[in-house]
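The next block holds one structure in the form of structure tokens; read it before the comments.
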Amino acid sequence: MIQSMTGYGKANITFGTKVIGVEIRSVNGKLLDLSLRLPALYREKEPEIRNMVAQAAERGKMELIITIELASDNEDIVFNQPLAKRYYYNLKQLVEDVGEEEHGGLIPVIARLPDVFKATTSELAPDEWQAVSEGLAMALEKMNSCRRNEGEILCQDMTLRVNNILGYLKEIDPFEKERTENLRAKLRSAFVELEHQANFNENRFEQELIYYIEKMDITEEKVRLKKHCDYFFQTIADPASPGRKLGFIAQEMGREINTLGSKSYHFEMQRLVVLMKDELEKIKEQLLNIL
């Protein structure tokens, strides 16, 4: 089943006196674009964290935030006063530059910024990294569950729209017969007028007639469009990530629909082609968010 690239996951893990929070959100993107916000204690594990996200999420634009909160007062913490002062003066200058008023002061804001308060422990213990890994795995699974749920909704919508295209394709049949009959009538009338002219070449006229009829024939386009739609249904059910493949199939569907429009020469047929194009554009919009 297809997955959306939009998802959200959150997990909290208790480790000793710490509560480790992991939060990840994802939106559509052609490649994996991961933005990390980590406590200083976990920065050494950034390559492993990126690898875990890449294996679980494949691609998309993502933001991952890991935080640490103290669950008790038993652990000594260090107040980084020089860093807090830098935060304060920079924020104060920003407030003055933009002309905003301070609501509640800057100190509560600064207290929540990274590394202002941190535990005295300077090295990451293996047990704590194991806890962080478990929290990250839980958050990623919740995000992927969200992706699967939205992917199911997108699948239903796109399936409906492809079926609409096939329905419009069937509606073309009676108008195609009407167009052919009108064309034959016009050509018979033209033949009657031309056959009495002195320079009339019947063989050349028949050649031009065959060429003209073959040029307007849309049988191949209808067959190919039907096959592309069938292939779309097969691919959308693929358990692997079919987003890019579905995009290529949609391009081929668009080529056949455009050719149908250029060969129509009939108002009702062209109206149906416009409806097919509208459904296809909506499918392409949805495909931008498919993994």
Side-chain angles (χ1 to χ4, degrees), residues 3-29 32-92 94-95 102-150 291:
Q3 292 186 39
S4 166
M5 279 189 284
T6 301
Y8 175 80
K10 185 177 182 179
N12 291 318
I13 296 291
T14 300
F15 178 79
T17 59
K18 298 178 181 178
V19 176
I20 302 167
V22 182
E23 186 176 1
I24 185 167
R25 54 176 54 87
S26 170
V27 295
N28 61 303
L32 178 63
D33 181 7
L34 177 60
S35 172
L36 292 178
R37 288 172 55 186
L38 305 175
L41 185 62
Y42 301 155
R43 287 176 187 161
E44 63 180 90
K45 294 296 185 178
E46 181 174 338
E48 288 93 329
I49 291 172
R50 288 186 176 275
N51 185 53
M52 287 182 66
V53 174
Q55 291 182 355
E58 295 189 36
R59 64 189 179 101
K61 185 175 182 180
M62 301 182 184
E63 181 183 20
L64 172 63
I65 302 172
I66 300 180
T67 58
I68 300 174
E69 294 183 7
L70 298 180
S72 70
D73 298 330
N74 296 328
E75 185 170 0
D76 293 332
I77 59 173
V78 175
F79 172 55
N80 192 336
Q81 187 174 3
L83 179 62
K85 286 182 177 179
R86 289 200 298 273
Y87 278 142
Y88 177 81
Y89 290 122
N90 288 335
L91 288 174
K92 188 173 181 61
L94 177 63
V95 169
E102 295 181 25
H103 298 285
L106 295 175
I107 299 301
V109 176
I110 293 171
R112 295 193 297 269
L113 292 176
D115 299 330
V116 173
F117 293 97
K118 60 182 181 179
T120 55
T121 305
S122 58
E123 294 184 0
L124 178 61
D127 291 347
E128 184 169 351
W129 168 239
Q130 179 64 29
V132 174
S133 300
E134 292 174 1
L136 178 56
M138 290 171 58
L140 287 170
E141 175 53 34
K142 290 180 179 179
M143 182 194 71
N144 283 334
S145 177
C146 183
R147 282 177 150 194
R148 288 190 292 270
N149 292 336
E150 185 170 337
L291 183 63

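Throughout, numbering of the chain's residues begins at 1 and tracks the sequence. Reckoned from all heavy atoms, side chains included, excluding hydrogens, waters and symmetry mates.
- Considering only heavy atoms from C-beta on, Asn28 stays 4.5 Å or farther from Lys61 through its side chain.
- Leu34 contributes atom CG, which lies 15.5 Å from atom CZ of Arg59 (distance to the nearest 0.5 angstrom).
- With rounding to the nearest 0.5 Å, the separation of CE in Met143 from CD1 in Ile24 is 4.5 Å.
- Residues Ala131 and Phe15 share a closest heavy-atom pair of CB-CD1, 4.0 Å.
- Here the side chains of Glu150 and Met5 are not in contact, with every heavy-atom distance at 4.5 Å or above.
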Check your understanding: When you look at Glu46 and Leu38, which way does the side chain to side chain contact (heavy atoms under 4.5 Å, CB included) test go after all the steps?
Key -> CA-CA 8 Å; Glu46 181 174 338; Leu38 305 175; 4.3 Å; yes
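- Salt-bridge check for Arg50 with Glu48: failed, with every basic side-chain N at 4.0 Å or more from each acidic carboxylate O.
- Although no hydrogens or angles enter the test, the distance criterion places a donor-acceptor pair under 3.5 Å between the side chain of Asn149 and the main chain of Ser145.
- Using a 4.0 Å cut-off between a side-chain N of Lys or Arg and a carboxylate O of Asp or Glu, Glu141 and Arg147 do not qualify as a salt bridge.
- One distance of note links CD1 of Ile110 with OH of Tyr88; it measures 7.5 Å at 0.5 Å rounding.
- Here the side chain of Asn144 pairs a donor or acceptor atom with the backbone of Ala56 at under 3.5 angstrom.
- For the atom pair Ile13 CD1 and Gln130 CD, the distance stands at 10.0 Å (nearest 0.5 Å).
- Nearest heavy-atom pair across Ala11 and Gly135 is CB-O, 3.5 Å.
- Under the 3.5 Å distance criterion, the side-chain polar atoms of Asn90 are matched with a main-chain donor or acceptor of Arg86.
- The side-chain heavy atoms of Leu41 and Lys18, taken from C-beta on, include a pair separated by under 4.5 Å.
- A donor-acceptor contact shorter than 3.5 Å links the side chain of Lys142 to the backbone of Lys10.
- The backbone N or O of Met62 lies less than 3.5 Å from no partner atom in the side chain of Ser26, so there is not a single donor-acceptor pair.
- Contact of the Thr6 side chain with the Arg25 side chain is not registered, since no non-hydrogen atoms from C-beta on lie closer than 4.5 Å.
- How far CD of Glu134 is from CG of Leu136: 11.0 Å, rounded to the nearest 0.5 Å.
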Exercise for review: Walk me through it: do Glu58 and Leu291 pass the test side chain to side chain contact (heavy atoms under 4.5 Å, CB included)?
Suggested key: CA-CA 8 Å; Glu58 295 189 36; Leu291 183 63; 4.1 Å; yes
Point to revise | Intermediate values then yes/no, side chain to side chain contact (heavy atoms under 4.5 Å, CB included), Glu69 and Ile20 | key: CA-CA 7 Å; Glu69 294 183 7; Ile20 302 167; over 6 Å; no
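- Taking the side chain as every heavy atom from C-beta outward, Leu140 and Val22 never approach each other to under 4.5 Å.
- When each of Ile65, Ile49, Ile66 is checked for a side-chain contact (heavy atoms from CB on, under 4.5 Å) with Leu36, only Ile49 meets the rule.
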